[in-house]
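Positions are given from 1 along the sequence. In each ligand, atom 1 is the first atom listed, and ligand 1 is the first ligand listed. Being a predicted model, the structure only gives us computed values, none of them experimental. All values below come from the heavy atoms of this structure, side chains included, with hydrogens, waters and symmetry mates left out.
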Amino acid sequence: MRNFISVKDIGDLDAAVKEALEIKTDRYKYSHLGKNKTLMMVFFNSSLRTRLSTQKAALNLGMNVIVLDINQGAWKLETERGVIMDGDKPEHILEAIPVMGSYCDVIGVRSFAHFESKEDDYNEVILDQFIKYSGRPVFSMEAATRHPLQSLADLITIEEHKTRKRPKVVLTWAPHPKALPQAVPNSFAEWMNAADYDFVITHPRGYELAPEFVGNARVEHDQMKAFEGADFIYAKNWAAYTGGNYGKILCTDRSWTVSDRQMSVTDNAFFMHCLPVRRNMIVTDDIIESPRSLVIPQAANREISATVVLKRILEGLQ
Ligand code: CP
């Protein structure tokens with residue numbers, strides 16, 4: 001594997017899950033692969049799980065790790081070409097990226113959507129420049145439109161807990177006080193479509209995701225109807241995508257908060273969320289603390305998904 005940006009880069013999903021479960025039984029089995037190899041993790045945005053799990057995955061594989069928080073201690077970066085740099089940004093990303101690449105063998109990048117330009121966000125202008133100019137394999141640690149390390153961990157978690165071959169999986173929008181990017185729901189939808197589950201997306205009108213991510217999913221605007229008979233409920237907030245509403249909050253209806261009321265019509269569904277989660281906005285205390293909540297195993301599987309991805313990238317360097 002050269003880069004890991006989307007579900008397309010992982011190939012056969014059954015093989016990836018099998019590899020993940022094998023790694024889970026012995027996470028140090030491939031510790032020779034990373035000897036004298038350095039991972040650089042570049043964060044333009046905050047993180048708890050991605051930072052820790054990816055670092056742990058690199059250590060599992062015997063790698064050295066450098067972490068750079070762009071907004072804490074590094075020079076502010078200009079990202080537009082052609083700008084007269086007389087403002088507060090003393091370094092251009094076009095020099096910074098190849099310099100970073102010269103100190104490492106693999107680069108992970110976290111760069112969220114800015115909601116200033118839908119075109120720039122959906123063209124992944126920051127991630128794309130790392131791919132073009134670093135000279136190194138690049139993987140996404142959540143970019144503007146996708147969060148594939150999270151989605152692989154979600155897939156592993158569903159495969160570990162499902163009781164039927166083709167479970168009913170529901171992605172539900174839930175309220176949030178801030179406008180959040182579509183990366184997690186886009187990516188989850190992309191991976192659930194690729195897994196060919198019985199996949200339903202539910203959200204208030206106006207929150208339609210980009211058609212290339214919705215794919216073959218059924219869209220149901222009645223949340224209770226969507227939840228009927230579900231095996232897995234995946235909650236997430238996202239801001240509007242469509243038309244002139246890109247990046248806007250259109251709905252604050254707290255009846256969408258996942259609670260006993262909706263869970264009671266499922267088939268004793270598991271509850272999932274990528275975390276961090278705002279309790280009693282996205283989900284009630286009772287549901288997230290229930291024995292059917294998978295949020296902690298999901299987060300733990302982030303180490304496994306990152307180990308699979310880094311292992312495959314390192315194998316490509318041998
Ligand atoms: N789920 C996830 O990516 O968590 P962090 O933002 O804390 O890394």
Side-chain angles (χ1 to χ4, degrees), residues 4-7 9-10 20 39-60 65-72 106-115 121 124 126-127 130 138-158 160-161 169 171-174 176-192 213 232-239 258 270-279 281-283 287-288 293-310:
F4 180 66
I5 306 304
S6 81
V7 70
D9 299 314
I10 201 82
L39 167 65
M40 182 173 291
M41 298 165 61
V42 182
F43 288 93
F44 287 85
N45 306 95
S46 304
S47 166
L48 187 153
R49 278 141 293 273
T50 305
R51 178 183 300 265
L52 298 179
S53 62
T54 310
Q55 196 159 344
K56 176 63 166 60
L59 297 174
N60 292 347
V65 182
I66 301 171
V67 182
L68 178 66
D69 287 290
I70 293 288
N71 297 319
Q72 286 171 22
V106 181
I107 302 188
V109 182
R110 166 162 285 203
S111 175
F112 292 172
H114 290 106
F115 286 151
D121 288 344
E124 293 285 8
I126 302 292
L127 190 65
F130 274 88
V138 172
F139 64 97
S140 165
M141 298 196 299
E142 185 171 346
T145 62
R146 292 179 176 87
H147 193 357
L149 283 174
Q150 180 66 52
S151 304
L152 176 54
D154 297 337
L155 176 71
I156 296 164
T157 310
I158 292 172
E160 286 177 318
H161 290 87
V169 178
L171 167 64
T172 182
W173 179 93
H176 195 280
K178 296 214 155 100
L180 298 186
Q182 296 100 21
V184 170
N186 281 347
S187 202
F188 185 72
E190 187 172 64
W191 286 68
M192 293 302 101
F213 293 106
F232 294 88
I233 299 299
Y234 196 102
K236 187 71 185 81
N237 172 270
W238 63 89
V258 178
F270 288 105
F271 175 81
M272 300 179 74
H273 188 281
C274 61
L275 303 181
V277 69
R278 290 189 184 239
R279 285 177 173 224
M281 288 292 301
I282 300 284
V283 59
I287 297 301
I288 197 168
S293 170
L294 294 179
V295 296
I296 305 303
Q298 248 181 293
N301 276 336
R302 291 293 307 276
E303 176 189 342
I304 306 303
S305 67
T307 307
V308 170
V309 167
L310 280 173

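At least one N or O atom of Arg49 sits closer than 3.5 Å to an N or O atom of ligand 1. Distances between N or O atoms of Gln150 and those of ligand 1 include at least one value under 3.5 Å. Checked against a 3.5 angstrom limit, the closest N/O atoms of Arg51 and ligand 1 fall outside it.
Trp191 and Phe4 have perpendicular rings, their planes meeting at more than 60° on a 0 to 90° scale where under 30° would count as parallel. By the 30° and 60° cut-offs, the orientation of the rings of Phe188 relative to Tyr234 is parallel.
Under a 4.0 Å criterion applied to the non-hydrogen atoms of Arg302, ligand 1 contributes the atoms 1 (N), 2 (C), 3 (O). For ligand 1 and Cys274, the ligand atoms under 4.0 Å from any heavy atom of the residue are 1 (N).
Contact detail for Ala183 and Ala143: the closest heavy-atom pair is CB-O, 3.5 Å.
The shortest contact between atom 3 (O) of ligand 1 and any protein heavy atom is with His147 NE2, 2.8 Å. Scanning the protein for heavy atoms near atom 7 (O) of ligand 1, the closest one is Leu48 N, 2.7 Å. Ranking the protein heavy atoms by distance from atom 6 (O) of ligand 1 puts Arg110 NH1, 2.9 Å first. Protein heavy atom in closest approach to atom 1 (N) of ligand 1: Leu275 O, 2.8 Å.
In this structure, SG in Cys274 is found 9.0 Å from CD1 in Ile282, a value given to the nearest 0.5 Å.
Among Arg302, Arg49, Glu142, the one residue that satisfies the side-chain hydrogen bond (donor to acceptor under 3.5 Å, both in side chains) test with Gln150 is Arg302.
Put simply, the side chain of Gln182 gets close to the backbone of Ala239: a donor and an acceptor are under 3.5 Å apart.
For atom 8 (O) of ligand 1, the nearest non-hydrogen atom from the set Ser47, Ser46, Ala299, Ala153 comes from Ser47.
Contact analysis leaves Met141 out of contact with ligand 1, as no non-hydrogen atom separation drops below 4.0 angstrom.
With 3.5 Å as the limit, one finds a donor-acceptor pair spanning the side chains of Thr50 and Arg110.
Counting only heavy atoms from C-beta outward, the side chains of Val258 and His273 never approach each other to under 4.5 Å.
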